[in-house]
A.B. asks: 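To start, I am sharing the structure in question, which I have written as structure tokens.
Any value given below was found using the heavy atoms of this structure, including those in side chains, with hydrogens, waters and symmetry copies removed. Please read all numbers here as calculations on a predicted model, not as lab measurements. Quick note: residue numbers are just sequence positions, from 1.
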Amino acid sequence: MSLPSHLQIAIDGPAASGKTTVAHLLAQRLKVLYLDTGAMYRTLAYMALQTGTDADNEGALVRLWEQASVRIVLDEMAPLGFRIVAGGDELDEMTLQSKHVTAIVSTIAAHPRVREAMVQSQRHIALEGPVVMAGRDIGTVVLPLAHVKIFLTASVGARVERRATQLRAAGIDVSLHQLAREIEERDRLDRERPFSPLVAAPDAHVIDSSEMTVNAVVAEIATIVERSR
Ligand code: DC
């Protein structure tokens with residue numbers, strides 16, 4: 001793999017650690033492109049639900065992704081910071097964050113051939129220009145030569161509060177207890193899967209954001225980026 005010619009910033013971390021909010025704001029501040037790769041796995045989960053494809057059927061999921069020719073357009077004007085068009089429809093946050101999608105997305109993301117297809121698209125997208133990419137394996141697998149790698153963590157309590165606020169803002173009703181259970185279960189699945197498990201890259205800056213505001217986290221990362229140049 002050759003050295004990236006554009007600035008690449010990888011932001012990884014567990015569910016609801018605030019990485020997508022932070023990554024989006026950072027991209028706006030630095031005036032670079034932004035992609036939340038979790039949305040790609042969520043898109044496939046949504047398509048599996050729509051077509052009745054079994055979340056355990058790796059081959060069928062890969063075919064579904066390839067045949068649907070999902071379009072991902074990095075667009076700072078879009079509400080998410082990018083647009084995902086599948087089957088002619090642009091998917092919104094409410095669809096991507098729905099309970100049904102969330103319930104199966106970790107199972108779908110554990111399949112190695114699904115991950116291969118996603119990683120290939122993500123590397124291709126990274127060629128478009130300077131980018132902040134958020135996910136679980138960006139610094140370890142997708143962009144291993146990224147100029148700056150951040151591993152963003154937070155306590156389960158802080159993450160539950162944040163996810164609840166985010167879901168309520170998207171009009172989705174939640175129980176905090178249920179949310180804590182779901183987040184812990186997704187952490188377990190993401191950390192324990194044999195292929196590209198959630199882990200900090202050895203050269204990542206680890207930031208615990210439990211007691212930090214979003215703006216403070218963005219400012220800290222912006223400083224790290226500045227120093228790396
Ligand atoms: O960040 P999120 O909650 O939207 O991620 C949804 C799921 O996708 C989560 O279970 C982990 C998985 N994921 C992944 O395995 N690798 C990525 N780069 C991004 C997300």
Side-chain angles (χ1 to χ4, degrees), residues 1-13 15 17-48 61-93 95-97 101 105 108-152 190 195-196 198 201 203-204 218 221 225 228:
M1 201 178 295
S2 55
L3 278 172
S5 51
H6 302 297
L7 176 69
Q8 294 181 342
I9 301 173
I11 304 194
D12 293 300
S17 55
K19 61 189 179 306
T20 52
T21 310
V22 162
H24 193 180
L25 286 171
L26 181 72
Q28 286 171 330
R29 180 167 169 157
L30 300 178
K31 298 190 173 39
V32 301
L33 300 168
Y34 160 67
L35 178 66
D36 165 27
T37 57
M40 294 172 65
Y41 291 93
R42 287 176 179 274
T43 298
L44 182 55
Y46 169 76
M47 286 167 20
L61 289 166
V62 172
R63 278 194 298 282
L64 186 60
W65 182 258
E66 287 170 354
Q67 286 165 7
S69 51
V70 175
R71 272 200 314 124
I72 299 159
V73 182
L74 305 189
D75 175 0
E76 64 182 32
M77 301 308 281
L80 292 171
F82 53 90
R83 297 182 194 279
I84 296 196
V85 181
D89 293 326
E90 183 172 337
L91 303 186
D92 61 12
E93 183 166 22
T95 306
L96 294 172
Q97 294 292 335
V101 164
V105 68
I108 284 179
H111 296 302
R113 285 174 52 215
V114 166
R115 302 199 67 81
E116 252 169 53
M118 296 290 176
V119 169
Q120 209 182 14
S121 308
Q122 290 155 8
R123 286 188 182 147
H124 194 73
I125 290 167
L127 298 176
E128 287 182 27
V131 70
V132 178
M133 215 178 260
R136 302 290 191 289
D137 59 344
I138 309 304
T140 50
V141 177
V142 180
L143 305 176
L145 301 177
H147 304 82
V148 172
K149 298 179 186 178
I150 305 293
F151 193 81
L152 194 59
D190 293 341
F195 303 96
S196 319
L198 170 67
D203 51 347
V218 173
I221 301 175
V225 173
S228 78

A.B. asks: Identify, with sequence neighbours excluded, every residue that meets side chain to side chain contact (heavy atoms under 4.5 Å, CB included) alongside Leu7.
C.D. replies: Ile9, Pro130, His147, Val225, Arg229

A.B. asks: Between Val132 and Ile11, does a side chain to side chain contact (heavy atoms under 4.5 Å, CB included) hold up when you go through it step by step?
C.D. replies: CA-CA 7 Å; Val132 178; Ile11 304 194; 3.9 Å; yes

A.B. asks: Please report the closest heavy-atom contact between Ala45 and Ile108, naming both atoms and the distance.
C.D. replies: CA-CD1, 3.5 Å

A.B. asks: Name each donor-acceptor pair under 3.5 Å that joins a side chain in residues 21-29 to protein atoms two or more places apart or in another chain, with its distance.
C.D. replies:
from	atom 1	to	atom 2	distance (Å)
His24	NE2	Gln28	NE2	3.4

A.B. asks: Looking at every non-hydrogen atom in both residues, tell me the closest pair between Leu61 and Ala48 and how far apart they are.
C.D. replies: CD2-CB, 3.9 Å

A.B. asks: Kindly state each residue pair satisfying ring-ring contact (aromatic ring centres under 6.0 Å, His included) with at least one member in residues 111-146, sequence neighbours excluded.
C.D. replies: none

A.B. asks: Which atom pair, heavy atoms only, marks the closest approach of Trp65 to Ser121?
C.D. replies: NE1-OG, 4.1 Å

A.B. asks: Can you list the residues that meet the side chain to side chain contact (heavy atoms under 4.5 Å, CB included) rule with Glu128, with sequence neighbours excluded?
C.D. replies: Leu33, Leu74, Ile125

A.B. asks: Sequence neighbours excluded, which residues qualify as ring pair (Phe, Tyr, Trp, His ring centres under 6.0 Å) partners of Phe82?
C.D. replies: Tyr34

A.B. asks: To the closest 0.5 Å, what do you measure between CG (Asp36) and OG1 (Thr20)?
C.D. replies: 5.5 Å

A.B. asks: Quick one: are Lys19 and Asp12 in side-chain contact, heavy atoms under 4.5 Å?
C.D. replies: no

A.B. asks: For Asp89, which residues count as a salt bridge (Lys or Arg N to Asp or Glu O under 4.0 Å) partner, sequence neighbours excluded?
C.D. replies: none

A.B. asks: List the steps, then state whether side chain to side chain contact (heavy atoms under 4.5 Å, CB included) holds for Met40 with Leu35.
C.D. replies: CA-CA 9 Å; Met40 294 172 65; Leu35 178 66; 4.0 Å; yes

A.B. asks: Determine, stepwise, if the pair Val101 / Gln97 fulfils side chain to side chain contact (heavy atoms under 4.5 Å, CB included).
C.D. replies: CA-CA 7 Å; Val101 164; Gln97 294 292 335; over 6 Å; no

A.B. asks: Report the C-alpha distance between Thr37 and Met133 in whole Å, list the side-chain angles of each, state the deciding distance to 0.1 Å, and finish with yes or no for side chain to side chain contact (heavy atoms under 4.5 Å, CB included).
C.D. replies: CA-CA 7 Å; Thr37 57; Met133 215 178 260; 3.8 Å; yes

A.B. asks: Would you please name every residue forming a side-chain hydrogen bond (donor to acceptor under 3.5 Å, both in side chains) with Thr95, sequence neighbours left out?
C.D. replies: Asp92

A.B. asks: Should Leu64 and Leu44 count as side-chain neighbours, where that means a heavy-atom distance under 4.5 Å?
C.D. replies: yes

A.B. asks: Looking at every non-hydrogen atom in both residues, tell me the closest pair between Phe195 and Ala110 and how far apart they are.
C.D. replies: CD1-O, 4.1 Å

A.B. asks: Listed by chain and number, what are the side chain to side chain contact (heavy atoms under 4.5 Å, CB included) partners of Ala201, not counting sequence neighbours?
C.D. replies: Thr140, Lys149, Asp203, Ala204

A.B. asks: Name all pairs fulfilling the salt bridge (Lys or Arg N to Asp or Glu O under 4.0 Å) condition that reach into residues 134-147, sequence neighbours left out, sorted by first residue then second.
C.D. replies: Arg115-Asp137, Arg136-Asp190

A.B. asks: With sequence neighbours excluded, tell me which residues meet side chain to side chain contact (heavy atoms under 4.5 Å, CB included) with Ala68.
C.D. replies: Met47, Val70

A.B. asks: Would you confirm whether Arg123, through its side chain, and Leu143, through its main-chain N or O, come within 3.5 Å as a donor-acceptor pair?
C.D. replies: no

A.B. asks: If a pair satisfies salt bridge (Lys or Arg N to Asp or Glu O under 4.0 Å) and one of its residues is in residues 62-80, list it, with sequence neighbours excluded.
C.D. replies: Asp75-Arg83

